[in-house]
Each structure stands twice: as C-alpha cells, then as structure tokens.
Colleague: 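The structure's right below; bear with me while I get my questions together.
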Amino acid sequence: MKSTFVLLWLVPCIICGANLPATQKSPTSQFAATNDEIQSLSEQLYVDDVNRADSGDIILNIQHKLPSSQTGTGTDFSSQKLFTYVNEAKLFSRPTFARLISLLDNYVKNTGTVESVSDEKIQEQNAFIDKIFQTTVMRKLSSFLISKGEIHKGKISGFHSWVTLYLLEKAGEVNYLSYSSDGPWTSYPDVFTFQFKWSTYLKSVGSFFIGSSPEFEIAIYTLCYVTRPNRMCTVKLGGSSLKIQTYSWPNSSYGNGKRYLASSYPNI
C-alpha cells in the first residue's frame, strides 16, 4: 500500500514538481467512495492531525489582497516577507516535518530534468514514508483505501507545500507579492492563495494549506486523487467545505506518450 501513496503524490511534488510515469490511460477511480464518505473521512483526518501548528506557531504578514483579475501581473505589492514567524523549534523537530525537510534538496525544480537518485536519497525517502505511516492520519487513510481496493501507480507535480515556501522565502529565493484568497478557518491548518516569485518565475495563483502536517497534506491529496481523479473533490475540514483539484496530463517528451499526474491543490 505504501508504494501507491509514494507514487501518487509524495516527495518531489510537494517540493518543486518532478514527474514519474503513470498509466497510459487517463486515470479513473477504481474506488466506489461516496461524497459523504470522502467528507466524513476528511473531517476525521483533520481532527487526527495532531502535528499541525497551533495558534501562535505561525504568524503571517499577508499584506496586499489582489482581485483575481490582477493575479497575473507579477507586481510586488508586499514590501515585507509573508512569514513573520514560524516556531521551527517546535514544528520542525517533529519527526514527519524533520524527515520532510531532509528531502528538500533532493529534487530539481524544473520539470523534465533528469535527476540523480543516490542510495542516500532513497534512504531519506524511505525514512519519510515510514515515519508518516506511523501517524494516525495515514493509518486511517490506508485502512479506508484498503477497504475499497487499489489503483495504478502515478504521481502529481506541483508547488503547494507551505514548509517549502517558508524555507525558500527564509533563504531569499522566494519573493512574496500578494494574496488573493483566505479560507474561512480561524486556526491551523488554514488555506490561502498567494502570488510570489521563485527566482525569476512567477506563481500567479498558488494555493496552500498553512500549518498542516506533511502527513495530513499527503492524506488529503491522496484521498482526492484516488477517489476523484482529474476533477474537483469536496472535503470537509473543521465543519467548512473545501474543494481539492487534481490534474493529470500526457506529454510524449517525458516517456513515449505516457500519462503523468500534474498537480493537486486546494481550490479557494
């Protein structure tokens, strides 16, 4: 079961968007999961995310809000950084966060670039996988999916990890520009849509969970890709509804026309 999760969404996609081959056919779910089952399980995962940030662990300085019609301009409306404070000593010492952070230098940000996969990198990936599967969040998701069946292997690319965003901004590699959406949650995890530049590359609409644990994000994205591939998936978190979008795409330059999973993210 672990290999299914790893290739669905796992490590490279949460960092910068590497790709692995999936099936040659457009993905269709082999799971007969109802909308009520998905929303009920996502609420349970939300409650069970004990490694999430508490109020005060993260302080955001979101500054200027843009209308959706202006998100593609690339104008820097925010003179200060997005992250004012993150309680690194508390959050990043937790095993799943620590294992995730050890992976951040393992992947090339440009898709289509051949990566060198050393034994050390494989060991780091396996250590992260083993650690998240020790959590209640992943055990509960695994039990649910096993009760419904299996799917083919695949993986999703994208930049939607708040930990990566924070560390890159801290290192001076990300320039926060503005935000365009703020979810209804008053505690973590919350959901935002940001505009920022990574090096010279503009992210005009980048949506993120903020304050969630790595295992929670993996569980939610995997749940939605497995049960509602390539379309909107409605989950419930703390009583509020949220849509998760998953995408796949074919591109012959990445392996003789095979299908690839492109992205998975909260849609607000």
Side-chain angles (χ1 to χ4, degrees), residues 2 5-6 9-18 42 44-62 80-107 109 118-142 158-174 176 183 185-192 194 196 198 206-223 237-238 264-266:
K2 289 184 182 180
F5 288 113
V6 175
W9 181 78
L10 202 45
V11 183
C13 124
I14 59 178
I15 296 170
C16 58
S42 58
Q44 294 176 46
L45 299 178
Y46 179 85
V47 171
D48 289 335
D49 187 18
V50 296
N51 286 327
R52 73 173 82 176
D54 294 320
S55 297
D57 286 339
I58 301 173
I59 300 175
L60 296 179
N61 183 14
I62 55 178
Q80 299 175 342
K81 288 185 176 182
L82 169 63
F83 289 92
T84 299
Y85 171 74
V86 170
N87 191 341
E88 292 188 29
K90 176 182 175 181
L91 296 177
F92 294 172
S93 64
R94 290 173 174 169
T96 56
F97 280 95
R99 296 295 188 187
L100 171 65
I101 291 170
S102 71
L103 301 174
L104 297 185
D105 61 352
N106 286 4
Y107 304 98
K109 65 183 178 182
S118 65
D119 289 340
E120 180 182 3
K121 290 181 179 180
I122 293 174
Q123 291 172 3
E124 289 176 344
Q125 292 177 11
N126 289 336
F128 177 54
I129 295 162
D130 289 340
K131 192 58 64 177
I132 66 171
F133 269 89
Q134 294 172 17
T135 66
T136 301
V137 167
M138 291 303 292
R139 287 199 300 265
K140 191 162 289 186
L141 175 66
S142 181
F159 186 161
H160 299 281
S161 164
W162 76 265
V163 175
T164 307
L165 180 66
Y166 164 69
L167 291 175
L168 287 175
E169 184 184 56
K170 182 180 178 181
E173 297 182 38
V174 159
Y176 170 68
W185 297 271
T186 57
S187 60
Y188 295 118
D190 202 347
V191 181
F192 290 86
F194 299 131
F196 60 92
W198 183 11
S207 56
F208 293 81
F209 285 106
I210 297 291
S212 52
S213 69
E215 61 268 24
F216 173 78
E217 294 188 41
I218 289 172
I220 286 293
Y221 291 146
T222 300
L223 170 65
L237 309 176
S264 182
Y265 54 85

Colleague: Among residues at least two apart in sequence or on other chains, which ones pass side chain to side chain donor-acceptor pair (under 3.5 Å) with Thr96?
Modeller: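 Side chain to side chain donor-acceptor pair (under 3.5 Å) list for Thr96, sorted by chain: Glu215.
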
Colleague: What heavy-atom pair brings Glu169 and Tyr176 nearest, and what distance separates the two atoms?
Modeller: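 So the two residues come closest at OE2-CB, 3.5 Å.
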
Colleague: What pairs with Asn126 under side chain to side chain donor-acceptor pair (under 3.5 Å), at least two apart in sequence or on another chain?
Modeller: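 Per chain and number, Asn126 pairs via side chain to side chain donor-acceptor pair (under 3.5 Å) with no residue.
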
Colleague: Measuring only between side-chain heavy atoms, which start at C-beta, is Leu237 closer than 4.5 Å to Phe216?
Modeller: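 The answer is yes, as the side chains (C-beta and beyond) meet within the 4.5 Å cut-off.
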
Colleague: Let me confirm one number: the CG-CZ distance from Leu60 to Phe194, rounded to the nearest 0.5 Å.
Modeller: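 Going from CG on Leu60 over to CZ on Phe194, the span is 5.5 Å.
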
Colleague: Is any side-chain heavy atom of Ile220 closer than 4.5 Å to a side-chain heavy atom of Leu45?
Modeller: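 Yes. Closest side-chain heavy atoms under 4.5 Å.
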
Colleague: Considering residues at least two apart in sequence or located in another chain, which fulfil the ring-ring contact (aromatic ring centres under 6.0 Å, His included) criterion with Tyr188?
Modeller: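 For Tyr188 there are no ring-ring contact (aromatic ring centres under 6.0 Å, His included) partners, ignoring immediate neighbours.
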
Colleague: Kindly indicate whether the side chain of Leu82, heavy atoms from C-beta on, has any atom under 4.5 Å from the side chain of Phe196.
Modeller: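 SC-SC contact between Leu82 and Phe196 ruled out.
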
Colleague: Using every non-hydrogen atom in the two residues, find where Ser207 and His160 come nearest and quote the distance to one decimal.
Modeller: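 Closest approach of Ser207 to His160, heavy atoms only: O-ND1, 2.8 Å.
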
Colleague: Could you report the tightest heavy-atom contact between Glu217 and Trp162, atom names first, then the distance?
Modeller: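 That would be OE2-CD1, 3.5 Å.
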
Colleague: Between Glu124 and Ser102, what is the shortest heavy-atom contact and its length?
Modeller: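 Glu124 and Ser102 have their closest heavy atoms at OE1-O, 3.4 Å.
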
Colleague: Quick check against the 3.5 Å criterion: does Tyr85 have a side-chain atom that pairs as donor or acceptor with the backbone of Gly56?
Modeller: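 Judged by distance alone, no pair lies under 3.5 Å.
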
Colleague: Quick one: CD on Gln125 to CD1 on Ile122, what's the gap to the nearest 0.5 Å?
Modeller: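 These two atoms lie 7.0 Å from each other.
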
Colleague: What's the verdict on side-chain contact (heavy atoms from CB on, under 4.5 Å) for Thr136 and Val50, showing C-alpha distance, side-chain angles and the deciding distance?
Modeller: CA-CA 9 Å; Thr136 301; Val50 296; over 6 Å; no

Colleague: Applying side-chain contact (heavy atoms from CB on, under 4.5 Å), can you list everything that pairs with Glu88, at least two apart in sequence or on another chain?
Modeller: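 Once residues adjacent in sequence are excluded, the partners of Glu88 under the side-chain contact (heavy atoms from CB on, under 4.5 Å) criterion are Val86, Phe92, Tyr166, Lys170.
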
Colleague: Tyr221 vs Phe209 aromatic rings, parallel, tilted or perpendicular, using cut-offs 30° and 60°?
Modeller: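 Answer is tilted, since the angle falls between 30° and 60°.
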
Colleague: State whether the side chain of Ser213 and the backbone N or O of Asp49 hold a donor-acceptor pair below 3.5 Å, judged by distance alone.
Modeller: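 A pair under 3.5 Å: no.
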
Colleague: Nearest 0.5 Å, please: how far is CD1 in Ile132 from CG in Leu141?
Modeller: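 Rounded to the nearest 0.5 Å, the CG-CD1 separation comes out at 9.5 Å.
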
Colleague: So, taking the atom named CG in Asp190 and the one named CD1 in Ile58, what distance separates them when rounded to the nearest 0.5 Å?
Modeller: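 Interatomic distance, Asp190 CG to Ile58 CD1, rounded to 0.5 Å: 10.0 Å.
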
Colleague: Do the side chain of Ser142 and the main chain of Met138 share a donor and acceptor less than 3.5 angstrom apart?
Modeller: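 No.
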
Colleague: To the nearest 0.5 Å, how far apart are OG1 in Thr164 and CG in Leu100?
Modeller: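 Between Thr164 OG1 and Leu100 CG, I get 6.0 Å after rounding to 0.5 Å.
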
Colleague: Can you list everything that forms a side chain to side chain donor-acceptor pair (under 3.5 Å) with Thr84? Sequence neighbours excluded, please.
Modeller: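 Once residues adjacent in sequence are excluded, Thr84 has no partner under the side chain to side chain donor-acceptor pair (under 3.5 Å) criterion.
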
Colleague: Supply the atom-to-atom distance Ile210 CD1 to Leu165 CG, rounded to the nearest 0.5 angstrom.
Modeller: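 Going from the CD1 atom of Ile210 to the CG atom of Leu165 covers 6.5 Å.
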
Colleague: Test of understanding: with side-chain contact (heavy atoms from CB on, under 4.5 Å), list the residues that count as partners of Arg94, not counting sequence neighbours.
Modeller: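 Partners of Arg94 under the side-chain contact (heavy atoms from CB on, under 4.5 Å) test: Asn51, Lys90, Leu91, Phe97.
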
